[in-house]
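Take a look at the structure below.
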Amino acid sequence: MSKTLIRGAKVLGGDPQDVLIDGGTVAAVGTGLSAEGAEVVEAAGKVLLPGLVDLHTHLREPGREDSETVLTGTRAAAGGGYTAVFAMANTFPVADTAGVVEQVWRLGKEHGYCDVRPVGAVTVGLEGSTLAELGAMHESAAGVTVFSDDGKCVHDAVIMRRALEYVKAFGGVVAQHAQEPRLTEGAQMNEGVVSAELGLGGWPAVAEESIIARDVLLAEHVGSRVHICHLSTAGSVEIVRWAKSRGIDVTAEVTPHHLLLTDELVRSYNPVYKVNPPLRTERDVMALREALADGTIDIVATDHAPHPHEDKDCEWAAAAMGMVGLETALSVVQETMVDTGLLDWAGVADRMSFTPARIGRAEGHGRPVSAGEPANLTLVDTAYRGSVDPAGFASRSRNTPYEGRELPGRVTHTWLRGTATLIDGKLT
């Protein structure tokens with residue numbers, strides 16, 4: 001296999017260093033490195049990070065290939081600096097059996113733009129009434145460790161308790177979509193001043209917070225791990241902070257869009273801003289940023305949710321919920337967290353690589369940039385600023401809330417086990 005010498009990169013934002021990739025591993029890190037026959041990447045001024053890991057991606061295959069496939073989704077991931085993604089279970093058929101999760105896993109291996117780790121459903125058909133084949137999915141070739149009914153809440157406390165007890169046997173984790181269904185019937189956006197003025201059905205913060213409160217207590221009771229998907233309110237932050245202070249084994253994620261956008265955007269009635277959970281208030285956004293900075297929120301996850309044009313180009317009430325996010329996530333994190341001084345690049349590496357890999361037990365990912373480690377890396381031009389143009393996305397869908405918006409930073413290179421998947425901003 002070929003050698004690559006990355007020259008003068010700021011590893012995790014630190015002092016410039018050279019990084020030599022030989023085959024699938026990092027061979028050396030230092031200054032003044034040289035290697036005969038190596039391809040040289042001049043990286044002066046750029047930041048080198050471990051390959052990003054997304055614990056929450058929707059790849060849609062099988063069943064909704066009109067919105068995304070494993071191929072297009074992993075190409076989008078590589079373009080955004082990701083070397084591993086966890087594919088959510090709300091496909092058609094649902095990923096609730098060993099056969100379906102193995103299908104998704106094999107598609108990921110065939111396409112090779114990033115590693116794909118399937119997320120198994122908690123309940124059969126995401127219907128919330130019967131536990132899915134958790135053990136069989138874990139024992140399958142896909143080696144599933146994360147289980148979620150994302151898109152739907154595991155609303156039955158008994159079922160949630162059983163799932164938490166079951167995954168303890170093999171160190172798995174249940175990732176909960178926290179949404180009390182009775183409190184969100186007919187909900188269209190965040191419940192508050194804006195929803196009242198627009199006359200749209202309100203989605204109260206307590207619908208999220210009540211489920212989180214219940215589930216951290218259940219996790220404590222059975223001694224298991226629970227992960228909170230796309231946390232979105234200031235109240236949720238306080239509950240997770242309290243749970244961690246008690247030693248409860250809870251982790252939480254925030255999406256890039258909840259770090260930047262607010263419910264004021266819904267005044268446009270543009271369905272691109274319709275998402276689950278909904279965009280919240282400026283107060284919530286600030287609380288989420290602070291919680292990500294202090295570690296109450298553990299990671300950033302994209303909740304990349306592609307939809308075809310016809311599912312978004314319609315009236316608000318009929319539109320699908322969700323936004324694409326893989327190709328813009330790092331830029332949004334730079335704008336909201338790094339450029340504001342809340343996180344340094346080492347902190348970004350922790351929240352977007354080290355910790356998500358640890359939560360999902362993605363071996364070979366989220367590793368230090370040091371000799372002997374797998375060469376899963378991403379190089380970022382942090383000085384770049386440019387407008388988002390979805391026409392250039394690798395994703396099959398274009399439902400981004402950032403179209404035309406200027407964002408900082410640009411991923412220029414991504415390496416998966418030493419093989420370049422992105423070179424100078426272009427997919428290989």
Side-chain angles (χ1 to χ4, degrees), residues 2-22 25-35 38-54 76-84 113-114 256 300 326-354 365-371 373-389 392 394 406-428:
S2 62
K3 297 180 180 180
T4 302
L5 179 62
I6 306 169
R7 184 176 287 157
K10 295 188 286 185
V11 178
L12 274 61
D15 294 333
Q17 291 184 297
D18 302 335
V19 176
L20 178 62
I21 300 171
D22 188 355
T25 62
V26 175
V29 179
T31 56
L33 297 183
S34 62
E39 178 183 356
V40 177
V41 175
E42 297 294 349
K46 297 178 182 177
V47 171
L48 187 68
L49 300 172
L52 307 184
V53 177
D54 188 12
Y82 289 89
T83 55
Y113 280 90
C114 76
V300 176
L326 285 168
E327 293 167 87
T328 53
L330 192 56
S331 291
V332 175
V333 170
Q334 180 178 335
E335 175 159 311
T336 58
M337 302 301 297
V338 180
D339 292 353
T340 58
L342 290 170
L343 279 182
D344 58 14
W345 284 105
V348 173
D350 177 78
R351 306 312 193 269
M352 298 186 75
S353 182
F354 299 144
H365 295 275
R367 301 296 303 161
V369 182
S370 58
E373 295 288 354
N376 296 317
L377 304 167
T378 186
L379 187 63
V380 188
D381 180 358
T382 60
Y384 173 87
R385 291 198 70 92
S387 296
V388 176
D389 181 7
E406 186 177 86
L407 290 175
R410 172 175 174 262
V411 176
T412 62
H413 294 72
T414 306
W415 290 272
L416 177 63
R417 287 181 290 278
T419 297
T421 55
L422 185 78
I423 298 175
D424 292 328
K426 294 181 174 58
L427 291 161
T428 59

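The first residue of the sequence shown is numbered 1, and numbering continues consecutively from there. We use all heavy atoms of the structure for the numbers below, so side chains are in, but hydrogens, waters and symmetry mates are not.
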Subject >> Evaluation steps, side chain to side chain contact (heavy atoms under 4.5 Å, CB included), between R410 and V380 >> reply: CA-CA 6 Å; R410 172 175 174 262; V380 188; over 6 Å; no
Original post:
Between T25 and E373, does a side chain to side chain contact (heavy atoms under 4.5 Å, CB included) hold up when you go through it step by step?
Top reply: CA-CA 6 Å; T25 62; E373 295 288 354; over 6 Å; no
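For the pair D18 (side chain) and T31 (backbone), a donor-acceptor distance under 3.5 Å is absent. Remark: the backbone N or O of T382 is paired with a side-chain donor or acceptor of Q334 at under 3.5 angstrom. Of the possible polar contacts, none joining the S353 side chain to the D350 backbone as a donor-acceptor pair under 3.5 Å is found. Side-chain atoms of D22 never come within 3.5 Å of backbone atoms of K3 as a donor-acceptor pair (strictly under, hydrogens ignored). Under a 3.5 Å cut-off, the side chain of S331 and the backbone N or O of P408 do form a donor-acceptor pair. Between the Y113 side chain and the T428 main chain, a donor and an acceptor come within less than 3.5 Å of each other.
Put simply, OG1 on T336 and CG on L342 are 8.0 Å apart, with the number rounded to the nearest 0.5 Å. To the nearest 0.5 angstrom, H365 atom NE2 is 12.5 Å from D54 atom CG. For the atom pair D339 CG and R385 CZ, the distance stands at 7.0 Å (nearest 0.5 Å).
Between A35 and L20, the shortest heavy-atom contact is CB-CD1, 3.6 Å. Closest heavy-atom contact between L377 and T83: N-CG2, 4.3 Å. Contact record, R367 with P374: CG-CD, 4.2 Å, taken as the closest heavy-atom pair. For the pair W345 and L330, the tightest heavy-atom approach, listed with the atom from each and the gap, is CZ3-CD1, 4.1 Å. Taking both residues in full, the closest heavy atoms of D381 and K46 are given as CA-CG, 4.0 Å, listed atom of the first, atom of the second, then distance. Pairing each heavy atom of E406 with each of E335, the nearest pair is O-OE1, 3.8 Å.
Screening T412, L422, L416, L49 for a side chain to side chain contact (heavy atoms under 4.5 Å, CB included) involving T378 leaves a single residue, L49.
Proximity of W415 to L48: side-chain heavy atoms (C-beta onward) are separated by under 4.5 Å at one or more points.
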